[in-house]
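Start at 1 and go down the list; that is how both ligands and their atoms are numbered.
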Amino acid sequence: MKVVVDRKLCQGHGRCYDLAPDVFEPDERGHVQLAVTGELPAELEPDTRIGVRNCPEAALRLMPDAALNERGRVKTGRINPTILD
Ligand code: F3S
């Protein structure tokens, strides 16, 4: 699993890094940036889901690797990029 951030949607509410500080952190403007790179460790998935679900701007998604291309961007086409429960 990987976390995908749409930085254009982030308004700096900060719920994500308050709820999952091991995964999300603020940049110099208070907007989200990732504190982890690459594959999300399994032990961080529960807090990550909470952080993702609590973003009021829907700027965060938790995605399986199969839904991302080699640059970590969401593939278009037949894969439905929904938040997984
Ligand atoms: Fe931004 Fe949402 Fe977090 S608006 S700071 S991604 S809670």
- Would His13 and Arg15 count as having a side-chain donor-acceptor pair, cut-off 3.5 Å?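 Arg15 and His13 do not have a side-chain donor-acceptor pair below 3.5 Å.
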- Query: If we ignore angles and hydrogens, is there a donor and acceptor under 3.5 Å between the side chains of Gln33 and Glu25?
  - Reply: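 Per modelled atom types, Gln33 and Glu25 side chains form a pair under 3.5 Å.
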- Side chain of Tyr17, backbone of Ala35: donor and acceptor closer than 3.5 Å?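 A pair under 3.5 Å: no.
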- Show all protein N/O/S atoms under 2.8 Å from atom 3 (Fe) of ligand 1, or state that there are none.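 Protein N, O or S atoms closer than 2.8 Å to atom 3 (Fe) of ligand 1: Cys16 SG.
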- Message: Tell me the closest heavy-atom pair linking Leu9 and Glu57, and the distance in Å.
- Response: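 Closest approach of Leu9 to Glu57: O-CB, 3.4 Å.
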- Task: Grab the two heavy atoms, one from Cys16 and one from Leu60, that are nearest each other, plus how far apart they are.
- Result: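 So the two residues come closest at CB-CD1, 3.6 Å.
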Using atom types as modelled, flag every donor-acceptor pair under 3.5 Å from a side chain in residues 39-47 to any protein atom, sequence neighbours excluded.
| unit_1 | atom_1 | unit_2 | atom_2 | d |
| --- | --- | --- | --- | --- |
| Glu39 | OE2 | Met1 | N | 2.4 |
| Glu45 | OE1 | Arg49 | NH2 | 3.2 |

